[in-house]
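Have a look at the structure below, then the notes.
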Amino acid sequence: MPGPVEVRVLRRGDAAPLRAMLAMFGVAFGDVGTYTERQPDDAYLEALLARDTFVAIAAFAGADVVGGLAGYVLPKFEQARS
(Lines give C-alpha, C1' and ligand atoms only; values in the text may rest on other atoms or scores of the structure.)
Protein backbone atom coordinates (compact mmCIF):
# COMPACT_ATOMS: atom_id res chain seq x y z
CA MET A 1 0.00 0.00 0.00
CA PRO A 2 1.38 3.47 -0.88
CA GLY A 3 2.37 5.83 1.89
CA PRO A 4 0.54 9.01 2.84
CA VAL A 5 0.21 11.90 0.40
CA GLU A 6 0.70 15.47 1.55
CA VAL A 7 -1.04 18.23 -0.42
CA ARG A 8 0.10 21.79 -0.03
CA VAL A 9 0.01 25.18 -1.70
CA LEU A 10 3.41 26.16 -3.06
CA ARG A 11 4.70 29.51 -1.89
CA ARG A 12 7.71 31.74 -2.39
CA GLY A 13 10.77 29.58 -1.80
CA ASP A 14 9.20 26.57 -3.56
CA ALA A 15 10.81 26.91 -7.01
CA ALA A 16 12.27 23.37 -6.78
CA PRO A 17 8.91 21.69 -6.07
CA LEU A 18 7.34 23.78 -8.84
CA ARG A 19 10.01 22.49 -11.24
CA ALA A 20 9.26 18.94 -10.09
CA MET A 21 5.58 19.58 -10.72
CA LEU A 22 6.38 20.78 -14.25
CA ALA A 23 8.40 17.62 -14.90
CA MET A 24 5.52 15.49 -13.59
CA PHE A 25 3.10 17.36 -15.90
CA GLY A 26 5.41 16.63 -18.84
CA VAL A 27 5.26 12.89 -18.16
CA ALA A 28 1.52 12.91 -17.41
CA PHE A 29 0.67 14.85 -20.59
CA GLY A 30 3.19 13.04 -22.79
CA ASP A 31 5.05 16.27 -23.58
CA VAL A 32 8.21 16.29 -21.47
CA GLY A 33 10.03 18.74 -23.74
CA THR A 34 7.45 21.49 -23.38
CA TYR A 35 7.48 21.25 -19.59
CA THR A 36 11.22 20.80 -19.01
CA GLU A 37 13.44 22.09 -21.83
CA ARG A 38 12.92 25.85 -21.47
CA GLN A 39 11.83 26.39 -17.89
CA PRO A 40 12.30 29.94 -16.62
CA ASP A 41 14.92 30.76 -14.02
CA ASP A 42 14.29 30.58 -10.27
CA ALA A 43 13.70 34.34 -9.98
CA TYR A 44 10.81 34.11 -12.46
CA LEU A 45 9.27 31.11 -10.69
CA GLU A 46 9.65 32.76 -7.28
CA ALA A 47 7.96 35.94 -8.55
CA LEU A 48 5.15 33.83 -10.00
CA LEU A 49 4.67 32.00 -6.69
CA ALA A 50 4.50 35.35 -4.88
CA ARG A 51 1.64 36.69 -7.02
CA ASP A 52 -1.88 36.73 -5.67
CA THR A 53 -3.13 35.90 -9.18
CA PHE A 54 -1.35 32.50 -9.38
CA VAL A 55 -1.68 29.35 -7.30
CA ALA A 56 0.15 26.03 -7.52
CA ILE A 57 -0.96 23.08 -5.42
CA ALA A 58 1.30 20.02 -5.27
CA ALA A 59 0.75 16.51 -3.94
CA PHE A 60 3.82 14.86 -2.42
CA ALA A 61 4.52 11.20 -1.69
CA GLY A 62 7.56 11.67 0.50
CA ALA A 63 9.82 14.05 -1.40
CA ASP A 64 8.32 13.19 -4.81
CA VAL A 65 5.73 15.37 -6.50
CA VAL A 66 3.01 12.96 -7.64
CA GLY A 67 0.24 15.38 -8.56
CA GLY A 68 -0.47 19.03 -9.00
CA LEU A 69 -2.79 21.76 -10.08
CA ALA A 70 -2.06 25.32 -11.20
CA GLY A 71 -4.47 28.20 -11.63
CA TYR A 72 -4.12 31.80 -12.58
CA VAL A 73 -6.17 34.86 -13.39
CA LEU A 74 -6.39 35.50 -17.11
CA PRO A 75 -7.57 39.05 -17.88
CA LYS A 76 -10.01 38.95 -20.78
CA PHE A 77 -10.25 41.45 -23.59
CA GLU A 78 -13.69 40.77 -25.11
CA GLN A 79 -15.35 41.89 -21.87
CA ALA A 80 -14.15 43.57 -18.67
CA ARG A 81 -13.65 40.34 -16.72
CA SER A 82 -11.07 37.82 -15.64
Side-chain angles (χ1 to χ4, degrees):
M1 177 180 284
V5 173
E6 173 195 2
V7 177
R8 67 179 176 90
V9 175
L10 301 183
R11 307 236 184 258
R12 183 176 287 210
D14 284 331
L18 184 55
R19 286 188 191 288
M21 193 168 90
L22 285 168
M24 183 272 309
F25 283 163
V27 172
F29 300 139
D31 194 2
V32 173
T34 296
Y35 289 89
T36 63
E37 290 176 3
R38 297 181 66 199
Q39 288 184 2
D41 62 20
D42 282 355
Y44 180 93
L45 294 178
E46 293 294 344
L48 187 62
L49 289 167
R51 290 183 187 170
D52 62 357
T53 57
F54 177 82
V55 63
I57 302 168
F60 296 85
D64 298 327
V65 174
V66 296
L69 177 68
Y72 51 92
V73 174
L74 177 62
K76 303 295 280 187
F77 60 90
E78 77 282 359
Q79 295 180 24
R81 63 183 179 146
S82 296

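Going from atom CG of L45 over to atom CG of L22 covers 7.0 Å, rounded to the nearest 0.5 Å.
If you chain together hydrophobic residues whose side chains sit under 4.5 Å apart, L48 and L69 never meet in one group. No single ILVMFWY cluster, assembled from side-chain heavy atoms under 4.5 Å apart, contains both V9 and V65. There is no path of hydrophobic side-chain contacts, each under 4.5 Å, that joins M24 to V55.
Pairs of residues two or more places apart, or lying in two chains, that qualify as salt bridge (Lys or Arg N to Asp or Glu O under 4.0 Å) and include a residue from residues 35-44 are R19-D42. Within the structure, the side-chain hydrogen bond (donor to acceptor under 3.5 Å, both in side chains) test picks out no pair touching residues 49-74 (sequence neighbours left out).
Looking only at distances, no side-chain donor or acceptor of E6 sits under 3.5 Å from a matching main-chain atom of G62.
The shortest non-hydrogen separation linking M21 to G68 is SD-CA, 3.6 Å. Counting all heavy atoms, side chain and backbone alike, A59 lies closest to V7 at CB-CG2, 4.1 Å. Closest approach of S82 to P75, counting heavy atoms only: OG-CA, 3.9 Å.
Surrounding CZ of R8 are more than 12 heavy atoms belonging to other residues, nucleotides or ligands, all under 6.0 Å away.
For F60, the ring pair (Phe, Tyr, Trp, His ring centres under 6.0 Å) criterion is met by no residue, not counting sequence neighbours. With sequence neighbours excluded, no residue forms a side chain to side chain donor-acceptor pair (under 3.5 Å) with Q79. Evaluation of the ring pair (Phe, Tyr, Trp, His ring centres under 6.0 Å) rule for F29 yields F25, Y35 as partners, not counting sequence neighbours.
Through direct or relayed side-chain contacts under 4.5 Å between Ile, Leu, Val, Met, Phe, Trp and Tyr, V32 connects to V27.
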